[in-house]
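Below, all heavy atoms of this structure are taken into account, side chains as well, without hydrogens, waters or symmetry copies. Counting from 1, the numbers follow the sequence of the chain as shown.
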Amino acid sequence: MASPWDLSLCLDSPSVSSQGTVKDKSSFNADEDAAALRKAMKGIGVKEQTLIDILTQRSCAQRQQICKAYEDATGKSLADDLEGETWGQFENIIVALVTPPAHFDMQEVKKAINGVGTTEKILTEILASRSNQQIKALSDAYLQDTGRALIHDLKSEVSGDLGETLLILAEGKRDDNKNVDAAQAKDDAKALYEAGEKKWGTDEDKFIDILCHRSVPQLRQTLVEYQNLSTKTLHQSIKSEMSGSTEEVLLAIVKCVTNAAAYMAELLHESMTGFGTDEATLTRIMVSRSEIDLKDIKLEYEKLYGRSLYSDIESETSGDYQKTLLGLCGADD
């Protein structure tokens with residue numbers, strides 16, 4: 001089986017996938033959906049299946065129209081009413097579905113940097129996988145919500161090479177140029193080789209600078225040039241030269257550049273493996289990738305683990321939370 005980090009595959013794949021499982025619903029009517037949701041939450045008991053059927057089968061843009069129609073009709077926030085009428089993991093995912101993506105990312109980042117300790121894994125996942133535009137929207141939402149710049153709060157929570165990497169990613173200043181400079185790719189590959197494998201010790205700053213600032217197409221070419229110089233891929237070199245959180249964040253960047261769907265598949269598998277299920281990660285990825293590349297993630301998941309994502313969700317979750325996840329996942333094909 002080919003590795004999910006096969007460079008020949010990554011050069012052939014698009015930088016932005018449109019393989020989401022959730023699409024715009026045809027013959028959509030926001031007022032009708034808002035009325036149906038209101039009816040499902042009125043009286044004794046909640047008709048959870050109605051909430052699931054509507055909110056997993058409408059695009060994010062359509063769900064925002066439903067939120068507006070609901071507030072216009074009732075004077076209340078749909079998110080607030082859902083919070084009041086649902087509970088547990090089902091509440092978390094159903095409220096996430098009606099939260100604008102930038103605000104959802106912002107809430108996840110806030111949770112990661114607040115409280116006791118900082119959840120570096122969540123910061124790595126979000127900041128390594130989002131585009132400049134998504135990071136700017138996240139940062140704007142953070143400033144609006146807290147009155148402080150995201151960079152300001154991150155500086156007080158992260159440190160060392162990991163902190164430096166996350167801060168650069170949070171600035172959202174990755175080159176957006178889609179054109180590839182072949183000479184630059186060769187120079188960068190040589191610089192990375194000399195900063196790692198070729199010397200005693202590792203110059204992490206060089207890795208951070210190149211991996212955080214070059215465009216995705218440019219980095220893909222750099223990865224190919226690196227393998228031409230070395231007996232290893234850059235992925236393998238980082239694993240052998242580094243350790244701990246610095247290794248994890250730089251590997252995450254390389255994985256997202258090479259095959260973001262496989263990276264997300266790995267995280268989903270980790271969230272359902274071992275003792276207990278990491279529902280927060282499961283919810284975050286299923287909601288945030290449902291319109292981006294969840295079809296691709298499902299394919300990579302089956303290639304990597306020999307089982308479908310659908311079947312693992314079925315075996316590891318239950319109840320209305322499970323039904324919502326499966327609604328986002330789409331058919332077990």
Side-chain angles (χ1 to χ4, degrees), residues 4 20-22 46 48-49 51-53 55-57 79 82-83 85-99 101 104-130 245 248-249 251-252 255-256 260-333:
T21 54
V22 176
V46 178
E48 289 88 353
Q49 194 60 52
L51 307 185
I52 295 165
D53 289 343
L55 296 177
T56 64
Q57 302 306 312
L82 287 169
E83 280 185 2
E85 297 293 338
T86 58
W87 56 91
Q89 295 304 330
F90 178 54
E91 176 193 334
N92 292 341
I93 194 168
I94 216 76
V95 171
L97 285 170
V98 298
T99 304
F104 182 52
D105 274 351
M106 178 272 291
Q107 289 168 359
E108 294 295 292
V109 166
K110 259 182 74 179
K111 283 188 278 187
I113 62 178
N114 288 341
V116 180
T118 299
T119 313
E120 297 161 348
K121 190 175 177 183
I122 296 172
L123 296 175
T124 294
E125 174 205 318
I126 292 175
L127 295 176
S129 65
R130 303 306 193 253
S245 55
E248 286 177 17
V249 71
L251 273 182
K255 287 177 177 182
C256 286
Y263 173 62
M264 293 297 166
E266 277 191 342
L267 295 179
L268 284 170
H269 183 256
E270 285 174 15
S271 77
M272 295 185 283
T273 303
F275 182 74
T277 300
D278 176 2
E279 289 93 350
T281 296
L282 188 52
T283 295
R284 184 173 56 253
I285 295 176
M286 294 297 290
V287 170
S288 65
R289 309 304 291 196
S290 59
E291 287 181 67
I292 299 173
D293 56 359
L294 190 48
K295 278 189 178 178
D296 298 329
I297 292 168
K298 287 166 66 178
L299 288 171
E300 293 296 340
Y301 194 97
E302 191 147 11
K303 283 184 202 170
L304 284 167
Y305 306 110
R307 300 185 303 278
S308 72
L309 176 59
Y310 191 100
S311 65
D312 276 3
I313 289 171
E314 257 189 331
S315 66
E316 295 297 327
T317 62
S318 61
D320 294 316
Y321 178 58
Q322 178 198 76
K323 290 175 188 174
T324 310
L325 287 168
L326 295 178
L328 292 174
C329 191
D332 190 10
D333 46 28

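- Of all heavy-atom pairs spanning Ser290 and Val287, the tightest one is OG-O, 3.0 Å.
- The backbone N or O of Thr317 sits less than 3.5 Å from a side-chain atom of Gln322, completing a donor-acceptor pair.
- The CD1 atom of Ile297 lies 8.0 Å from the CD1 atom of Ile292; values are rounded to the nearest 0.5 Å.
- To the nearest 0.5 Å, the span separating CG on Leu304 from CG on Leu268 amounts to 11.0 Å.
- The side-chain hydrogen bond (donor to acceptor under 3.5 Å, both in side chains) search around Arg289 returns Asp293, not counting sequence neighbours.
- Atoms CG and CG, on Leu82 and Leu51 in that order, are 6.0 Å from each other to the nearest 0.5 Å.
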Can you give me every donor-acceptor pair (side chain of residues 88-96, partner residue at least two apart or in another chain, under 3.5 Å) with its distance?
from: Gln89; atom 1: OE1; to: Asn92; atom 2: ND2; distance (Å): 3.4

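- Between Gln49 and Asp53, the side chains place a donor N or O and an acceptor N or O closer than 3.5 Å (distance only, hydrogens not considered).
- One finds the OG1 atom of Thr324 at 11.0 Å from the CD1 atom of Ile313 (value rounded to the nearest 0.5 Å).
- Salt-bridge formation is detected for the pair Arg284/Glu125: a Lys NZ or Arg NE/NH1/NH2 atom is positioned less than 4.0 Å from an Asp or Glu carboxylate oxygen.
- In summary, the side chains of Asp312 and Tyr305 do not present any donor paired with an acceptor at a separation below 3.5 Å, with no hydrogens or angles considered.
- In this structure, Leu123 and Val109 have side chains that are in contact, with non-hydrogen atoms separated by less than 4.5 Å.
- Side chains of Leu267 and Met264 form a contact here, defined as non-hydrogen atoms less than 4.5 Å apart.
- Thr56 approaches Val22 most closely through the heavy-atom pair O-CG2, 3.8 Å.
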request  = Go through the steps for Thr273 and Glu316 under the test side chain to side chain contact (heavy atoms under 4.5 Å, CB included), then give the verdict.
outcome  = CA-CA 9 Å; Thr273 303; Glu316 295 297 327; over 6 Å; no
inquiry  = Met272 vs Leu309, test: side chain to side chain contact (heavy atoms under 4.5 Å, CB included). Steps then yes/no.
reply    = CA-CA 10 Å; Met272 295 185 283; Leu309 176 59; 3.8 Å; yes
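- Between Gln57 and Gly327, the shortest heavy-atom contact is NE2-O, 3.4 Å.
- Note that CD of Glu83 and OG1 of Thr86 are 7.5 Å apart. Values are rounded to the nearest 0.5 Å.
- Side-chain atoms of Thr21 come within 3.5 Å of backbone atoms of Leu328 as a donor-acceptor pair (strictly under, hydrogens ignored).
- The backbone N or O of Glu279 lies less than 3.5 Å from a partner atom in the side chain of Tyr321, making a donor-acceptor pair.
- Between the CD atom of Glu120 and the CG atom of Leu127 there is a distance of 12.0 Å, given to the nearest 0.5 Å.
- Residues Tyr301 and Arg307 share a closest heavy-atom pair of CD2-O, 3.4 Å.
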message = With side chain to side chain contact (heavy atoms under 4.5 Å, CB included) as the criterion, how do Cys329 and Glu314 come out once you've worked through the C-alpha distance, each side chain's angles and the decisive distance to 0.1 Å?
response = CA-CA 11 Å; Cys329 191; Glu314 257 189 331; over 6 Å; no
request  = Take Lys255 and Glu266 through the test side chain to side chain contact (heavy atoms under 4.5 Å, CB included) and record every step on the way to the result.
outcome  = CA-CA 10 Å; Lys255 287 177 177 182; Glu266 277 191 342; 2.9 Å; yes
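- Nearest heavy atom pair, residue Gly330 against residue Tyr310, reads O-CD1, 3.1 Å.
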